[in-house]
Amino acid sequence: MSIIKNNRRQFLQHTALGLAAATFPGLLLANKGQVKSRPTPGFNPDIEMQMTARQGYVQVLKSGPRTRVQKFYAKLMKGPKKTLQHLKGNYLGPILNYEKGQKVRIFFNNALSEPSIIHWHGLHVPQKSDGHPMYTIQPGEQFVYEFEVMNRAGTSFYHSHTHELTAEQVYKGLAGIIYVTDDEEKKLNLPSGEFDLPFVLQDRTFNSRNQLIYLQGMHGRMTGFLGDTILVNGKPHAEFSVKSRAYRFRALNGSNSRIYKMGWDDGTPLTAIGTDAGLLEKPETRPYIMLAPGERIDLWLDFSGRPVGSKLVMYSLPYSGAMPPMVEKRQKKKNGSSKGMGMMGGGGLAQGAKFPIATFNVTEKVSDSPKLPKRLVKFNRLTERDVDNADHPLPIAISMKPMNPMLNGKSYSMERVMDFEKVPVGSIKKIKIFHDHGMKKDKHEEEGSNGKMDMGESKSNGMGMGGMGMMGMGGGMGGGMALSMAHPIHLHGQQYQIISRKAGGMRLDEYATVKDGFIDTGWKDTVLVMPGEEIEIIKPFQDFKGFFLYHCHNLEHEDLGMMRQFYIY
């Protein structure tokens, strides 16, 4: 069956690319010659490495058999030794340490028995190096990534991005974390070395033989996978031995669909110094911090003044409103039980349940500790004066129909781009992200994939929304209301800034349990959109032409087609 699926996927990929090439002459697209690509003459990398995706066995749980996983293995061929930081006995790929301005070449080899490709989530790179599914390679093939590190200091993420296989491949282990530094960050004297640590949050479910159990059936895919075992940096029951000083913990939500409400057991507030792929202008303190799949938050955790022997536990605190109302209702009937999601959520800990994430034990007293800077980095704050479409924002309309999650009323198709998804390179756009559960299929959706580029279907309002425009998409009161849930929306390419977050009348009591945990003042590439919320962002589309995806980072939703793409020309 898997061979049939792979052959079908490859056929559709090549068909779509042929249509795209005909519609966008001169655009660099994947084909057999480029998939089995070679280094570009004249590109002189500062860093060169080999990275291979293959099956392996790792001791994830403390006792019993090793777990079969898919894993990224890397070997440095050229560059500073610190570039690769291997995590011993771990299914996560190595930490990649980059500096702004470095040129990077990566030879990616697919040693799996299925297609794969890597997306550098958070890095601003050319289309060919972004991990678009069009570049997916087959078993035994190689793909060459080449890019310059253009990001400012921050924390990014890399993971498989194979269409219809992303969720399962990430779940099995194909993921890792990226650190980027620059001169501005180096001047801040932030915690470094042993005091600068990854904090990768994931959830998994294991059988009696320590093997991973993934979703079976469509119902779980509609709400996303939720496991019963919380892992931090690839290990369960995480404990950190810390000194009485400040640390930098780079939190990454690497889960498929679980949303974490991070907070201390004693009520101490949390301080953040960075969001997705970038430091903040100044530290931000919250009573708790919401972290959705794909999001990152750099935490300043200061244990100064804590006596040796003291213990702090970080929890995911209880909240509600992220799941469809019928699921939330069922959970309440179970008297607050953290179990019982059943088929709707993979049988694990409920979305919004309270559970411990990690324990921090103060084991040594020290007298020196860096002080939290009052200011961090210079920040170029974008406003509506910077955009060319202030009165006509580009829409990202979220809709959930039974077994068919969509964006802007459409499922993903590699050859489709609507009029409003065509954006001139160098422009800065205002985008509105919102829920719409009453959108109608246009004729192209009813016909399905008809082999045509989905261009200019309707000129209404210049947005090609089947005559609906923005007016027809804001109510969110259609038949899909019963399926309303939270969605983390990720945009590839450059980071963006959030300029407004508005909560509608839907499920406001539940919204109150999460609203104080959003940090919207920094650069973002993934944003959690709760039911009834409308979020406006400003996003630059600079430097690179080509196709750049936007999708839900609930990975089960992404694989079901909740993904579209901008064509930058």
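These figures come from a predicted structure and were not determined experimentally.
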For this output row, return yes or no: ring centroids of [X] and [Y] closer than 6.0 angstrom.
X      : Y      : value
Tyr145 : Phe143 : yes
Phe566 : Phe548 : no
Trp264 : Phe360 : yes
Tyr247 : Phe240 : no

I'd like to know if the side chain of [X] reaches the main chain of [Y], judged simply by a donor and an acceptor atom lying under 3.5 Å from each other, with no hydrogens or angles considered.
X      : Y      : value
Asp298 : Ile273 : no
Gln565 : Tyr550 : no
Arg250 : Leu299 : no
Gln497 : Leu382 : yes
Asp559 : Glu556 : no
Lys75  : Met51  : no
Gln351 : Ser257 : yes
Asn151 : Gly122 : yes
Arg105 : Phe43  : yes
Asn110 : Glu141 : no

I'd like to know whether [atom1] of [X] has more than 12 heavy-atom contacts from other residues, nucleotides or ligands below 6.0 angstrom.
X      : atom1 : value
Arg381 : CZ    : yes
His237 : NE2   : no
Lys82  : NZ    : no

Output the distance between atom [atom1] ([X]) and atom [atom2] ([Y]), rounded to the nearest 0.5 Å.
X      : Y      : atom1 : atom2 : result
Ile535 : Phe434 : CD1   : CZ    : 12.0 Å
Asn408 : Phe420 : CG    : CZ    : 3.5 Å
Thr136 : Ile117 : OG1   : CD1   : 5.5 Å
Ile357 : Asp265 : CD1   : CG    : 11.5 Å
Ile297 : Thr155 : CD1   : OG1   : 9.5 Å
His121 : Thr526 : NE2   : OG1   : 3.0 Å

Ring-plane angle category for Trp523 and Phe379, please: parallel below 30°, perpendicular beyond 60°, tilted otherwise. tilted
Is there a side chain to side chain contact (heavy atoms under 4.5 Å, CB included) between Leu279 and Leu188 once you walk through the steps? CA-CA 11 Å; Leu279 292 172; Leu188 291 173; 3.9 Å; yes
Kindly determine whether Ile230 and Phe355 satisfy side chain to side chain contact (heavy atoms under 4.5 Å, CB included), including the steps that lead there. CA-CA 9 Å; Ile230 303 301; Phe355 53 82; 3.6 Å; yes
I'd like to know if Arg152 and Glu185 make a salt bridge, using a cut-off of under 4.0 Å between side-chain N and carboxylate O. no
Lys378 with Glu281: basic N within carboxylate O range, under 4.0 Å: no
Pairing donors with acceptors under 3.5 angstrom, does anything connect the side chains of [X] and [Y]?
X      : Y      : result
Thr285 : Thr271 : yes
Gln542 : Gln494 : yes
Gln202 : Tyr91  : yes
Tyr135 : Gln127 : yes
Thr521 : Glu284 : yes
Asn361 : Thr363 : no
Asn109 : Gln142 : yes

Applying side-chain hydrogen bond (donor to acceptor under 3.5 Å, both in side chains), run through Tyr511 and Glu533 and close with a yes or a no. CA-CA 9 Å; Tyr511 185 72; Glu533 269 197 311; 2.5 Å; yes
Is there a side chain to side chain contact (heavy atoms under 4.5 Å, CB included) between Arg296 and Ser156? Walk through the geometry before answering. CA-CA 7 Å; Arg296 288 87 68 210; Ser156 289; 3.9 Å; yes
Going by heavy atoms in the side chains, are Lys539 and Lys429 under 4.5 Å from each other? no
Side chains of Ser160 and Tyr171: does their closest heavy-atom pair fall under 4.5 Å? no
Could you walk me through whether Thr181 and Glu99 satisfy the side-chain hydrogen bond (donor to acceptor under 3.5 Å, both in side chains) test, starting with their C-alpha distance in whole Å, then the side-chain angles of each, then the deciding distance to 0.1 Å, before giving a yes or no? CA-CA 5 Å; Thr181 190; Glu99 291 196 26; over 6 Å; no
Would you check, one step at a time, whether the test side chain to side chain contact (heavy atoms under 4.5 Å, CB included) holds for Val527 with Arg501? CA-CA 10 Å; Val527 62; Arg501 182 188 290 267; 3.7 Å; yes
Closest non-hydrogen atom pair, Lys524 against Ile519: CD-O, 4.3 Å
Does NZ or CZ of Arg245 come closer than 6.0 Å to the centre of the six-membered ring of Phe195, within 45° of the ring's axis? yes
Can you see whether Tyr98 has Lys100 sitting over its ring - NZ or CZ less than 6.0 Å from the centre and within 45° of the normal? no
Who passes ring pair (Phe, Tyr, Trp, His ring centres under 6.0 Å) against His557, sequence neighbours left out? His487
Report the residues that fulfil side chain to side chain contact (heavy atoms under 4.5 Å, CB included) with Asn90, sequence neighbours left out, ordered by chain and then residue number. Leu87, Leu92, Lys235
So which of His551, His132, His163, His490 actually passes ring-ring contact (aromatic ring centres under 6.0 Å, His included) with His119? His490
